[in-house]
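Input: a single structure, listed below in structure tokens.
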Amino acid sequence: MGAARMIGSMRSFGRDASVLNQKIKPGTTKRTVLFAAPYAGLLTLFMVVVVFDATIGIANPLIYRDIINNGILKSNSHLIIQLALLVGVLAIFDAALGLIQAYLSSKIGAQIVLSLRTKLFEHIQQMPLAFFTRTQTGALVSRLSGDVSGAQSAFTDILSNVVGNIITVSLIIAAMFALSWRITLVALVLLPLFIFPARFWGRKLQALTRESYDLGATMGSMMVERFNVAGAQLAKLFGRRADESKSFETKAARVSDIGVKRTIYGRLFFTAIMLMASFASAITYGWGGVLAVEHKLDVGTVVALVSLLARIYSPLMGLSNVQVNVMTALVSFERVFELLDLPPMIQEKPHAVPVPAGPASISFDRVSFRYPSASEVSLASLESIAVPDKMPEKVVLYDISFRAEPGQLVALVGPSGAGKTTITQLVPRLYDVQSGSVTVNGIDVRDAKLDSLHERIGVVTQDAHLFHDTIRANLLYAKPSATDAEINEALRAAQILPLVSSLPKGLDTLVGERGYRFSGGEKQRLAIARLLLKAPDIVILDEATAHLDSESEAAIQRAFEIALAGRTSIVIAHRLSTILQADQILVVQEGRIVERGTHSELLEHGGLYADLYQRQFAQAALS
């Protein structure tokens, strides 16, 4: 266990000591302990193992004492063999206890972190869409990965090193005082000299570790941005490949240099510790030897004292940096708790009611809406990583009222930024309105069970998102129980089955990150197939045909006529030719509905819609 503790102690000195300057919120320590409460049994077993392991650690030097005093000096070969065998047996037990101790500390830390990481993942999934629009993905991944892993590492070190070291040091000092209190006092006086090199080289290791982490984060960010499809394309189009390579090489070279320095500093650190240990052993041997010659101390006791002294340095080194270990754990836990304590703006009420399946009506009643501010949905610590929003709060929808009856198609048209997408996002309750209400089948969406609401609604956006997985997995996301026949039927209706069938791996073809292995129109049709497979009661299409050519668009329109039959639909369209048969067209401008009616009624009215239609008609004629 000595080597393991030495490694653990050296790792703790590599931690950033600046963590000691941070203020921990009241209650963090108690809350951290509560996370460990369910594992009280394992913790108790761990403490028992630590005590036994520490006891064996001080037993061996005492056995050496008897071997010398009662065996060698008294020429008792039988006793020497017995005690030597006992040392061997204890060594086996020590090794076994060391493995058990390492297993238990890792097991407890892993279980606590598993619970923490699972709770955090579930909590983040409950956050509203506004939370994700403000926060960098990397910041959230850092909380789930870096902070949680840091908490586990520090927590495990506290268990295996801090707790174990306290018990070991206490038992060793007690045994040394029992053997010779004079020599023990001298050894303890020398301990500050032992701590100085640890502190000196430890600070250098901490500075290198901090720089290494910063550079690692910078390199990681650079690789993520340059290696995704959009970033790689941008670098190629602007011809910056050489510059990018040089920039990366500079950072990588510095990381390499830091690695060499950390190795050298680590070796110097270890050498300084060993030198101080050797000096202390020399003093003990010298003074103890003189006392033995004067018959004031027996030879076996001198050997036992030196052996015990050698065993005390590693745990003492770990304890000398205990504050950093504890604070690192608490800071990591606090950062996780901070996110766990952020309440989701969109929460299901305790007595929420399910939205029944079947024909659905949608009603907007005098709805006004503004997007939530940073303080309402995010954290300052995350906002410092993301881009703070300096824009003043403003209302984006004013007094929106309309009704879509079961089976009707309602179209939203108007300039970009008018609020059309915002209106559609209120139906599945991605945001909550500030005034008025949005109802589905007479049920206010704020009173509905979220799962049942989302089961009733299917959405295809302009930028269709596909996971980096197979075509089959992306489609099954809408309906996990779907058969291949159902999948093929959805693909056929979306006018993309011939393409999928022509691929060597068919449904098992990987779509690539964000679906970049397919064209924009192909991705859109896969997203439409996913929607058709879900077969929702309400369909929302946000420029769902934006990336399709005229031929594909016509085919998709035919598929929609069948797929949307009997379903309530809200369609956002810039191509007005796609919504000529809509039951109701709402013209949205600057957050208000300025016109409403059918295509023919709006043309006859001669307002904004007529102007938009005439402009598109003229452009189509010219092309």
Side-chain angles (χ1 to χ4, degrees), residues 122-123 125-132 343-369 372 397 400-412 419-461 465 475-482 486 490 527-542 544 560 562-572 582-584 586 593:
E122 291 176 351
H123 186 73
Q125 283 192 308
Q126 296 174 26
M127 301 307 289
L129 187 62
F131 173 82
F132 297 98
M345 281 192 69
I346 308 297
Q347 297 192 51
E348 188 176 283
K349 293 182 178 179
H351 303 293
V353 296
V355 178
S361 64
I362 303 171
S363 176
F364 276 63
D365 183 20
R366 303 180 66 84
V367 168
S368 293
F369 174 78
L397 295 179
I400 300 294
S401 295
F402 70 91
R403 183 174 177 84
E405 299 295 344
Q408 283 191 343
L409 189 156
V410 175
L412 302 178
K420 303 184 297 297
T421 297
T422 303
I423 291 174
T424 63
Q425 289 176 335
L426 297 178
V427 179
R429 203 188 169 197
L430 297 182
Y431 297 94
D432 274 342
V433 301
Q434 274 69 50
S435 64
S437 64
V438 179
T439 61
V440 175
N441 278 347
I443 300 172
D444 192 314
V445 294
R446 292 168 293 189
D447 299 324
K449 286 186 176 295
L450 290 174
D451 286 344
S452 71
L453 179 65
H454 296 156
E455 285 173 4
R456 304 283 82 80
I457 300 172
V459 181
V460 176
T461 60
H465 182 84
L475 295 179
L476 288 178
Y477 198 76
K479 186 180 179 182
S481 62
E486 291 174 312
I528 292 171
R530 184 167 57 190
L531 171 93
L532 296 173
L533 193 62
K534 182 178 182 180
D537 301 321
I538 297 173
V539 173
I540 296 174
L541 305 178
D542 186 353
F560 277 148
I562 299 172
L564 302 183
R567 295 189 173 95
T568 308
S569 308
I570 299 180
V571 177
I572 298 175
D583 296 287
Q584 183 179 187
L586 305 177
I593 296 177

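The OG atom of S435 sits 10.0 Å away from atom CG of D365, with the distance rounded to the nearest 0.5 Å. We find the CZ-CG distance between R429 and D447 to be 8.0 Å, quoted to the nearest 0.5 Å. Atoms NE2 and CG, on H454 and L430 in that order, are 6.0 Å from each other to the nearest 0.5 Å. K479 contributes atom NZ, which lies 6.0 Å from atom CG of L533 (distance to the nearest 0.5 angstrom). To the nearest 0.5 Å, atom CD1 of residue I540 and atom CD of residue Q425 are 9.0 Å apart. Distance CZ/R456 to CD1/I362: 13.0 Å, rounded to 0.5 Å.
Across V410 and A404, no two heavy atoms sit closer than the pair CG2-CB, 3.6 Å. Minimum interatomic distance between I593 and S401 (heavy atoms only, all atoms of both residues): CD1-O, 3.8 Å. Contact between V367 and S437 at its shortest, heavy atoms only, is CG2-O, 3.2 Å. Among all heavy-atom pairs drawn from P356 and I443, the shortest one is CD-CD1, 4.0 Å. Here the shortest heavy-atom pairing between H465 and R530 reads O-NH2, 2.8 Å. I423 and F402 get closest at one heavy-atom pair: CG2-CE2, 4.0 Å.
Results of the side chain to side chain contact (heavy atoms under 4.5 Å, CB included) test with L412 over V571, T424, D542 single out T424 as the only residue that passes.
Side-chain contact between K449 and P354 is present, with at least one heavy-atom pair separated by less than 4.5 Å. Contact annotation: the side chain of L541 approaches that of L531 to within less than 4.5 Å [non-hydrogen atoms, C-beta and beyond]. Between H123 and P344, the closest side-chain pair of non-hydrogen atoms falls below 4.5 Å. P428 places none of its side-chain heavy atoms less than 4.5 Å from the side chain of I538.
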Stepwise side-chain contact (heavy atoms from CB on, under 4.5 Å) check, S361 with N441: CA-CA 5 Å; S361 64; N441 278 347; 3.6 Å; yes
*asked:* Test side-chain contact (heavy atoms from CB on, under 4.5 Å) on D537 and V440; report intermediate values, then the result.
replied: CA-CA 11 Å; D537 301 321; V440 175; over 6 Å; no
Q.
With side-chain contact (heavy atoms from CB on, under 4.5 Å) as the criterion, how do V427 and V445 come out once you've worked through the C-alpha distance, each side chain's angles and the decisive distance to 0.1 Å?
A. CA-CA 7 Å; V427 179; V445 294; 5.7 Å; no
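The 12-atom threshold is exceeded at CZ of R403, counting heavy atoms of other residues, nucleotides or ligands nearer than 6.0 Å.
Using a distance-only test at 3.5 Å, with no hydrogens or angles considered, a donor-acceptor pair links the side chain of E348 to the main chain of L450. For R567 (side chain) and A360 (main-chain N/O), no donor-acceptor pair under 3.5 Å exists by modelled atom type. Side-chain N or O atoms of S363 include none that pairs as donor or acceptor with a backbone N or O of T439 at under 3.5 Å.
Using a 4.0 Å cut-off between charged side-chain N and carboxylate O, R446 and D444 make a salt bridge.
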